Engineer: 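Please see the structure below; I have some questions.
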Amino acid sequence: MFNHRYITPDQLAGFDNYKYSAVDTNPLSVYVMQHLWNKVVKVVPLWIAPNLLTLSGFLIILVNYFLLCFFDWNYTASGVGHEHIPNWVWISAAVGNFLAYALDSIDGKHARRTQSSSPLGELFDHGLDSWAASVFPLSLFSIFGCDSGEAGLSTRTMYSVSCIVLFTFMLSHWEKYNTGVLFLPWAYDISQVSLTLVYILTAIVGVDAYHKPLFLNFYMTEILIALLTGCSLLIAFPQTLYNIYKAHQQKALLKTSLYEGLLPLISPTLLFTLLSVWVAFSPCGILSKQPRLVLWMVGVAFSNVTCRVIICQMSNTRSELFHWLLLPLLLLVGASVSGLLGIMEEIAFLVFTLFVTAAHVHYGVCVGRQLSQHFNIYAFSLKKRYAD
């Protein structure tokens with residue numbers, strides 16, 4: 001069941017020659033958080049595999065998300081007149097978010113500390129990060145909801161914000177695909193610290209406090225969205241273009257043509273285009289009917305596309321032109337928007353969401369097993385699979 005070999009022989013050969021290269025210029029990370037993580041990692045027992053830390057952090061993120069799902073499935077609990085999410089849930093979310101942030105920040109340090117760094121560990125880390133990138137905003141949306149008037153978020157705003165977050169995540173790996181260097185985005189540390197503080201503030205003042213203008217007649221939702229889009233479009237995107245331009249000037253680009261350099265962006269662009277068409281023209285209003293599941297499916301589909309780009313980037317191989325998922329999505333969007341599915345649109349969407357999630361999990365497990373065998377290691381143990 002989990003023996004399919006998704007990684008090609010050329011990609012495996014590329015992994016054998018892979019060398020990690022990253023640059024972190026974020027003042028919050030360099031001058032504050034890294035000093036904290038250097039102390040925290042010393043507490044971790046040396047027998048624990050780094051990938052266990054990575055997986056634990058991701059599972060904590062999912063637990064937080066599913067806990068919020070239980071109390072607020074349709075993003076209405078924060079609205080006026082609705083039963084609000086209990087304060088202890090926000091405390092749990094704050095603790096869980098910071099703990100997941102810490103585990104994600106020390107897994108690489110622990111790998112170097114135990115001399116167990118490997119391409120599998122980096123791929124596992126970044127692959128789960130690509131999924132977690134969509135879950136963070138999905139959890140945050142429960143604070144404001146879509147039934148809070150001016151203080152809330154429309155489902156289309158939620159969709160747009162999710163796309164911006166995922167686009168920003170993709171930029172870092174597209175940049176590395178072209179330059180060979182991962183320039184760690186400033187937005188990550190800032191967003192994780194901010195998210196933790198917002199959860200703590202919500203536990204203290206309650207969601208009703210956000211129903212009133214906070215500063216200069218602006219609501220908290222408007223301030224956070226402005227910060228988010230500003231960081232993405234005014235910092236992350238220009239910074240990425242500058243780093244690629246600088247590599248071009250230094251004749252250090254890995255790709256020799258504009259087409260090859262832009263190749264990893266084609267499938268994500270088509271994915272977001274098809275999904276946006278569905279959201280905009282769905283006869284049954286699928287986003288309004290199933291906001292949480294639509295946003296979940298968007299995140300999972302994006303993660304699968306991104307993971308394939310990360311593999312090509314790490315193995316220095318050519319990115320695929322079209323992701324296979326685009327074909328069934330195109331057929332489904334066409335059948336839905338044309339009215340061909342009729343009242344079956346929502347059921348077809350639910351089946352497709354389940355299919356995409358299962359396919360992504362299958363992909364992740366198979367890739368993990370394949371690389372474990374290739375590198376003669378266990379994913380979640382420091383023991384080797386067999387003696388040299």
Side-chain angles (χ1 to χ4, degrees), residues 40 53-105 128-129 131-155 157-159 161-162 165-166 188-212 214 219-225 227-228 287-300 303 353 357:
V40 171
L53 301 180
T54 308
L55 180 62
S56 298
F58 180 69
L59 291 178
I60 290 171
I61 292 169
L62 288 185
V63 168
N64 270 351
Y65 172 72
F66 289 129
L67 186 61
L68 288 167
C69 285
F70 178 78
F71 287 101
D72 183 29
W73 178 254
N74 291 316
Y75 289 116
T76 56
S78 295
V80 178
H82 293 272
E83 184 178 354
H84 295 334
I85 297 170
N87 279 354
W88 68 264
V89 175
W90 299 122
I91 296 172
S92 172
V95 172
N97 190 82
F98 191 79
L99 185 56
Y101 172 37
L103 290 170
D104 186 48
S105 299
L128 290 183
D129 284 346
W131 197 345
S134 67
V135 181
F136 288 130
L138 266 59
S139 298
L140 177 66
F141 293 155
S142 283
I143 294 178
F144 310 107
C146 58
D147 197 21
S148 305
E150 289 183 80
L153 294 165
S154 69
T155 52
T157 300
M158 291 180 182
Y159 172 77
V161 169
S162 295
V165 169
L166 298 178
Y188 177 66
D189 291 278
I190 295 171
S191 66
Q192 291 307 298
V193 173
S194 300
L195 195 54
T196 301
L197 292 176
V198 168
Y199 283 141
I200 293 173
L201 180 63
T202 305
I204 296 172
V205 303
V207 295
D208 288 330
Y210 302 133
H211 294 165
K212 302 173 184 177
L214 185 66
Y219 290 94
M220 183 69 161
T221 49
E222 296 172 319
I223 294 172
L224 285 177
I225 289 174
L227 287 173
L228 178 66
L287 181 60
S288 298
K289 278 194 170 185
Q290 296 286 352
R292 196 172 282 278
L293 282 181
V294 169
L295 297 176
W296 170 268
M297 184 267 287
V298 170
V300 174
S303 179
T353 299
T357 303

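The structure presented is a predicted model; accordingly, all values stated were derived computationally and were not measured. Residues take their numbers from the sequence shown, with the count starting at 1.
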Engineer: What pairs of residues pass the side-chain hydrogen bond (donor to acceptor under 3.5 Å, both in side chains) test when at least one of them lies in residues 59-72, not counting sequence neighbours?
Structural biologist: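 Passing the test, one end in residues 59-72: Asp72-Ser142.
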Engineer: List in chain and number order the residues that pass ring-ring contact (aromatic ring centres under 6.0 Å, His included) with Phe141, two or more places apart in sequence or in another chain; answer none if no residue qualifies.
Structural biologist: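 If we apply the ring-ring contact (aromatic ring centres under 6.0 Å, His included) test to Phe141, skipping adjacent residues, there are no hits.
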Engineer: Which pair of heavy atoms, one from Ala100 and one from Gly57, lies closest together, and at what distance?
Structural biologist: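 Smallest heavy-atom distance, with atoms named: CB-O, 3.4 Å.
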Engineer: According to the interplanar angle, ranging from 0 to 90°, do the rings of His84 and His211 count as parallel (below 30°), tilted (30 to 60°) or perpendicular (above 60°)?
Structural biologist: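 Plane angle over 60°, so perpendicular.
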Engineer: Partners of Tyr159 by side chain to side chain donor-acceptor pair (under 3.5 Å), sequence neighbours excluded?
Structural biologist: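 Per chain and number, Tyr159 pairs via side chain to side chain donor-acceptor pair (under 3.5 Å) with Ser276.
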Engineer: Is there a donor in the side chain of Thr157 and an acceptor in the side chain of Ser154, or the other way round, less than 3.5 Å apart?
Structural biologist: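 Per modelled atom types, Thr157 and Ser154 side chains form a pair under 3.5 Å.
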Engineer: What about the rings of Tyr210 and Phe144, do their centers lie closer together than 6.0 Å?
Structural biologist: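 So the answer is yes for these two rings.
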Engineer: To the nearest 0.5 angstrom, please state how far the OG atom of Ser56 sits from the CG atom of Leu99.
Structural biologist: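 Rounded to the nearest 0.5 Å, the OG-CG separation comes to 8.5 Å.
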Engineer: Pair Ile200, Trp90 - check side-chain contact (heavy atoms from CB on, under 4.5 Å), show working.
Structural biologist: CA-CA 7 Å; Ile200 293 173; Trp90 299 122; over 6 Å; no
Engineer: Listing request: all salt bridge (charged side-chain N to carboxylate O under 4.0 Å, His left out) pairs with a residue in residues 287-296, at least two apart in sequence or in separate chains.
Structural biologist: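 Output for this query lists Lys289-Glu346.
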Engineer: To the nearest 0.5 Å, what is the distance between OG1 (Thr76) and CD (Glu83)?
Structural biologist: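 Reported value, rounded in 0.5 Å steps: 10.5 Å.
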Engineer: Of all heavy-atom pairs between Pro291 and Thr155, which one has the smallest distance, and what is that distance?
Structural biologist: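 Heavy atoms only, the tightest pair is CB-CG2, 3.9 Å.
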Engineer: Assess whether side-chain contact (heavy atoms from CB on, under 4.5 Å) is satisfied between Leu195 and Phe136, documenting all intermediate values.
Structural biologist: CA-CA 8 Å; Leu195 195 54; Phe136 288 130; 3.9 Å; yes
Engineer: Closest approach of Val198 and Met220, non-hydrogen atoms and distance?
Structural biologist: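 Shortest heavy-atom separation between Val198 and Met220 comes out as CG2-CE, 4.2 Å.
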Engineer: side-chain contact (heavy atoms from CB on, under 4.5 Å), that's the test. Do Ser134 and Val165 meet it? Break it down for me.
Structural biologist: CA-CA 7 Å; Ser134 67; Val165 169; over 6 Å; no
Engineer: State which residue, out of Thr202, Val207, Leu153, Asp208, fulfils the side-chain contact (heavy atoms from CB on, under 4.5 Å) condition with Ser78.
Structural biologist: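 Per the side-chain contact (heavy atoms from CB on, under 4.5 Å) rule, the option paired with Ser78 is Val207, out of Thr202, Val207, Leu153, Asp208.
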Engineer: From Asn97 CG over to Tyr199 OH, what is the distance, rounded to the nearest 0.5 angstrom?
Structural biologist: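 So the gap between those two atoms works out to 6.0 Å.
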Engineer: Show the nearest heavy-atom pair for residues Ile91 and Ala203, with the distance to one decimal.
Structural biologist: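 For Ile91 and Ala203, the tightest heavy-atom pair comes out as CG1-CB, 3.6 Å.
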Engineer: Find out whether Trp131 and Val300 are in side-chain contact, i.e. whether some heavy atom of one side chain is under 4.5 Å from a heavy atom of the other.
Structural biologist: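 Side chain of Trp131 against side chain of Val300, heavy atoms only: contact under 4.5 Å found.
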Engineer: Restricting to non-hydrogen atoms, name the atom on Ser162 and the atom on Leu138 that form the minimum distance, rounded to 0.1 Å.
Structural biologist: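 Minimum heavy-atom separation between Ser162 and Leu138: OG-CD1, 3.9 Å.
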Engineer: Identify, with sequence neighbours excluded, every residue that meets side chain to side chain contact (heavy atoms under 4.5 Å, CB included) alongside Ile223.
Structural biologist: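 Side chain to side chain contact (heavy atoms under 4.5 Å, CB included) check on Ile223 returns Leu214, Phe215, Phe218, Leu227.
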Engineer: Which residues pass the salt bridge (charged side-chain N to carboxylate O under 4.0 Å, His left out) test with Lys212, not counting sequence neighbours?
Structural biologist: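 Result, salt bridge (charged side-chain N to carboxylate O under 4.0 Å, His left out) vs Lys212: none returned.
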Engineer: If you round to the nearest 0.5 Å, how far is CG of Leu103 from OG1 of Thr54?
Structural biologist: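 If I round to the nearest 0.5 Å, the distance is 8.5 Å.
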Engineer: Any chance you could measure Leu140, atom CG, to Thr221, atom OG1, to the nearest 0.5 Å?
Structural biologist: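 So the CG of Leu140 and the OG1 of Thr221 are separated by 10.0 Å.
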Engineer: Using side-chain contact (heavy atoms from CB on, under 4.5 Å), reason through Leu128 and Ile61 one step at a time and then give a plain yes or no.
Structural biologist: CA-CA 11 Å; Leu128 290 183; Ile61 292 169; over 6 Å; no
Engineer: Give, for atom CZ of Phe70 and atom CD1 of Ile85, the distance between the pair rounded to the nearest 0.5 Å.
Structural biologist: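 Between Phe70 CZ and Ile85 CD1, I get 11.5 Å after rounding to 0.5 Å.
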